Student: 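Questions regarding the structure given below will be posed in turn.
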Amino acid sequence: MALQFWKPGTVAPGSSLDRATEAEGHVLQSAPLTAAGGIQAQRERLPIFKHQLPQYLYESGWAAQGHVIACTQPRRVAATSVATRVAQEVGTLLGDEVGYTIRFEDVSDKERTRIKYMTDGMLFRETMRDPLLSKYSVIMIDEAHERSIYTDLLLGILKKVRRKRPALRLIVSSATLDATSFHEYFTTGEGCTQQDAVIISLEGRMFPVEVAYLKEPCSDYVMEAVRIVWEIHLRQGPGDVLVFLTGREEIDRCISEIAERIPTLPKGSLGLQPLPLYAGLTTDAQLAVFQPAEKMSRKVVVSTNIAEASVTIDGIKFVVDCGFVKIRTYNAKTTLSRLTVVPTSRASATQRAGRAGRTSPGICFRLYPESAFNDRSIMPTTTPPEIVRTDLTMPILQLKALGIDDLVKFEWVTNPPAEGVLRALEALIGAGMVGDDGRLTLVGEKVAEWPVEVNIARALFSSKEYKCSEEMLTIAAMVSVQDVFVIPEGGSAGALAELERRKFTAEEGDHLTLLNAYNAFIRYGSSLSWCRQHALNFRALSRAVSIRSQLKKYMQRFGLTPLQSCEGDAQRLRRCIVAGFWKNAARFVESEGTFRGVRGEGVLYIHPSSVMFTRKPRTGWVIFHEMEETKKTHIRIITEIEPDWLLEYGHKYVDKRTGQ
DNA sequence: GAGCACTGC
């Protein structure tokens, strides 16, 4: 069957979705969804929206006999907000026929829920308990173009599930040009036919957006952005501006440059109100971008990629796009992750431009020449999926837990790099999670179920022996969230925050400092105002509370109870951390003031956010939570240890590697 | 003596 695309947002009169490919449209499919009746909802020529597909399927009987229609989203907010909207449209209470399931929150009913919105990570997790996902009749994977790691893993699993359970119908929804490749993915291969039910829809933006380019490339896109914002402000009509830059530093610079020029505005002209937006901001500061602009003023939101898909601001009429994005890449050989600024994909550029056309026609100014946009060697069609640039240790452990031992045979949407797969397997074997036969060990099976990384799981398992599970649980939760300590931009506010942080500082290092901050948060009522007073991130701490209580349930389920406190015996706790993180040990080199990793990682620098940044370790040895490469290789979340605590583990490690 | 895109279980 030939692939066809609809024009965004329309279905021909009286057509059912199974006939949609005959009509003009943005739905494309290779097999009809007629087994339980087609969709006859469109008597008149009404626009059909993507989020309504599950409810049409529901009305057409696809949720009969206790079956459930699932719709996955890469993000929690999307899952909850779409579920809320659909529940309203269907006219039921949220959590009744229409519900959602995300981590820490299950607003669905086991018996009654027929349409379930969920994060893709959640559905992936569900495959561990029910490998055939037998209660679902239709699964819609939304925002598949974002290619999150869980989307990819899920698509791979679903292809496998469909071979065993052909009655399962899949809908893959993608906003970009790669729709055809998803189609090919599901219709080729052994046992796959053109009859496999796949519908791929394209989204359309609501209003036209005119795109303008620079004639020549610019050398400093931050200053160029400032110039364009100025021009928009003086020459264009009303409407707010959204500027895309790559990170906090650029955003701060852009904002102060704009602020500096505000006094030069001609008398009587509109004011300008520059506002930063990035994930690390406090809730208060983030909320500011949603407030309407002050009277007689134009709002300029200067944002990271967060405004590309995660956060939607109404009233934006102008977009200024620098054409770059900061992404995390992972080097399997060195086990180093790194943040790099790279040109955006064309798909990203299109998505960013679309942000100008949500409420009215708009204009997007791209800070690069049109020739760059058209040159695939400069701007790729799509961003490389997460699976090719991430640490594969956990994903592979989880695939193995699903019985997928042959990773070469697994039908990846995109193959992960061979090096990454090998290193991950090596790490899992070294950690005793995978045996030499490539199969999961008993420990591996257990750890795969935990929603934490391998090192943390190991420390939690050891916490029973070291009698410090209460504290280890807290530390596990705290290292899983980021930005607990708020760092205001420079000046006196920064120094004040630094003083606040010292109140929680523990001699032993960052792990215990985090523990102190968490305990104080609980002791003083877990309140937002208390966090503000002490320069702590309320959102992060609240999340840590949720994670801790979830992990506590796992401790109970795995018989690691009763939970015990180390009663202030920090040594037990530090030894327990070593039991999980012994591979992340580093030795101080006095003459250089730097560290060397025991795995030969080269020169390591303490991250400035560490309480160890200003001191040298008494014993000369530390354990770190993670390392990251920026201009230098930094280690983060560090605790001082005694070197002989390592001997036990180091021995095992050497044995495995050399075979001695 | 100096820094951190964004998600998710």
Side-chain angles (χ1 to χ4, degrees), chain A residues 72-79 101-106 118-129 143 146-154 244-252 277-281 303-311 322 324-329 337-342 344 348 383 385-386 389-390 394-395 397-398 401 447-453 456-457 477 480-490 494 498 537 540 543 546-547 550-551 553-554 593-594 605-610 612-616 626-632 634-637:
Chain A
T72 72
Q73 300 286 334
R75 279 175 298 280
R76 294 159 53 92
V77 270
T101 308
I102 59 178
R103 189 182 185 184
F104 313 131
E105 254 182 278
D106 183 7
M118 56 212 299
T119 44
D120 46 20
M122 213 62 199
L123 187 60
F124 178 71
R125 192 146 279 268
E126 206 170 317
T127 59
M128 290 192 191
R129 306 215 169 164
E143 312 289 355
E146 290 189 21
R147 300 293 301 275
S148 83
I149 185 145
Y150 285 118
T151 299
D152 272 28
L153 293 173
L154 205 50
F244 283 102
L245 295 175
T246 70
R248 177 180 165 168
E249 200 185 332
E250 287 173 7
I251 289 169
D252 289 344
L277 177 63
Y278 46 87
L281 284 177
S303 171
T304 61
N305 221 26
I306 193 172
E308 189 180 300
S310 311
V311 171
C322 76
F324 288 87
V325 64
K326 203 179 272 185
I327 59 167
R328 183 185 285 277
T329 54
S337 66
R338 171 180 210 169
L339 289 167
T340 341
V341 173
V342 295
T344 63
S348 263
T383 312
E386 200 183 349
R389 49 187 177 86
T390 196
M394 286 307 288
L397 182 67
Q398 287 167 340
V447 170
E449 275 193 55
W450 289 62
V452 293
E453 51 169 301
I456 295 178
S480 306
V481 299
Q482 70 257 72
D483 303 323
V484 176
F485 297 103
V486 175
I487 315 151
E489 35 198 308
E498 191 64 35
N537 185 332
R543 203 175 146 75
S546 302
I547 295 176
Q550 190 191 33
L551 293 179
K553 284 182 198 149
Y554 278 84
T594 58
Y605 293 83
I606 297 220
H607 196 277
S609 65
S610 171
M612 300 295 291
F613 188 70
T614 48
R615 7 190 150 121
K616 60 177 194 185
E626 62 183 2
M627 61 182 176
E628 192 170 63
E629 194 178 357
T630 47
K631 281 170 201 151
K632 296 171 180 170
H634 282 110
I635 49 177
R636 283 183 68 246
I637 312 186

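Since we're looking at a predicted model, the values are computed, not measured. Proteins come first, then strands; the chains are lettered A, B, ... in the order of their sequence lines, and each starts at number 1.
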Student: Quick check against the 3.5 Å criterion: does A:N537 have a side-chain atom that pairs as donor or acceptor with the backbone of A:D483?
Tutor: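 It does hold such a pair.
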Student: Distance under 4.0 Å to a non-hydrogen atom of chain A counts as contact; along DNA chain B, which nucleotides mark the start and end?
Tutor: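 Result: B:dG1 to B:dC9.
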Student: Taking atom CD of A:E449 and atom CG of A:L397, what is their separation to the nearest 0.5 Å?
Tutor: 10.5 Å
Student: Quick check: on DNA chain B, is the nucleotide nearest A:G247 upstream (toward 5') of the one nearest A:Y554, or the reverse? Name the residue that is more 5'.
Tutor: A:G247
Student: Describe the nucleic acid contact of A:I149 in one word from base, sugar-phosphate, nothing, applying a heavy-atom distance below 4.0 Å.
Tutor: nothing
Student: Give A:F104 one of three labels, base, sugar-phosphate or nothing, depending on what nucleic acid heavy atoms sit under 4.0 Å from its own.
Tutor: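 No contact at all - A:F104 keeps every heavy atom at 4.0 Å or more from the nucleic acid.
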Student: Under 4.0 Å between any heavy atoms, over every strand shown, what does A:R125 touch: base, sugar-phosphate, or nothing? Just pick one.
Tutor: base
Student: Scan A:T340 against the nucleic acid and name what it touches under 4.0 Å (heavy atoms): base, sugar-phosphate only, or nothing.
Tutor: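 Result for A:T340 = nothing.
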Student: Among all residues two or more places apart in sequence or in another chain, which pass the side-chain hydrogen bond (donor to acceptor under 3.5 Å, both in side chains) test with A:S480?
Tutor: none
Student: By the 4.0 Å heavy-atom rule, please label A:I306 as base, sugar-phosphate, or nothing.
Tutor: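 Result for A:I306 = sugar-phosphate.
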Student: State whether a side-chain donor-acceptor pair under 3.5 Å links A:T151 with A:E146.
Tutor: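 A:T151 vs A:E146: no donor-acceptor pair found between side chains.
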Student: Applying a 4.0 Å non-hydrogen cut-off, can you work out what A:D120 is touching in the nucleic acid: base, sugar-phosphate, or nothing?
Tutor: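 No contact at all - A:D120 keeps every heavy atom at 4.0 Å or more from the nucleic acid.
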Student: Please work out if A:Q482 contacts a base, only the sugar-phosphate, or nothing of the nucleic acid, heavy-atom cut-off 4.0 Å.
Tutor: base
Student: Could you check whether A:S148 gets within reach of a base, just the sugar-phosphate, or nothing at all, counting any heavy atom under 4.0 Å?
Tutor: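 Counting heavy atoms under 4.0 Å across all strands, no contact is made by A:S148.
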Student: Looking at residues at least two apart in the chain, or sitting in another chain, which of them share a ring pair (Phe, Tyr, Trp, His ring centres under 6.0 Å) with A:F324?
Tutor: A:Y221
Student: Checking A:T390 against A:E386: is there a side-chain donor and acceptor pair closer than 3.5 Å?
Tutor: no
Student: Using a 4.0 Å heavy-atom cut-off across all strands, classify A:R636 as base, sugar-phosphate, or nothing.
Tutor: nothing
Student: If each of A:S310 and A:T101 is mapped to the nucleotide of DNA chain B with the nearest heavy atom, which maps nearer the 5' terminus, i.e. the 5' end?
Tutor: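 Its nearest nucleotide being more 5', the pick is A:S310.
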Student: Describe, in one word, how the ring planes of A:F124 and A:Y150 are oriented to each other, choosing from parallel (under 30°), tilted (30 to 60°) and perpendicular (over 60°).
Tutor: tilted
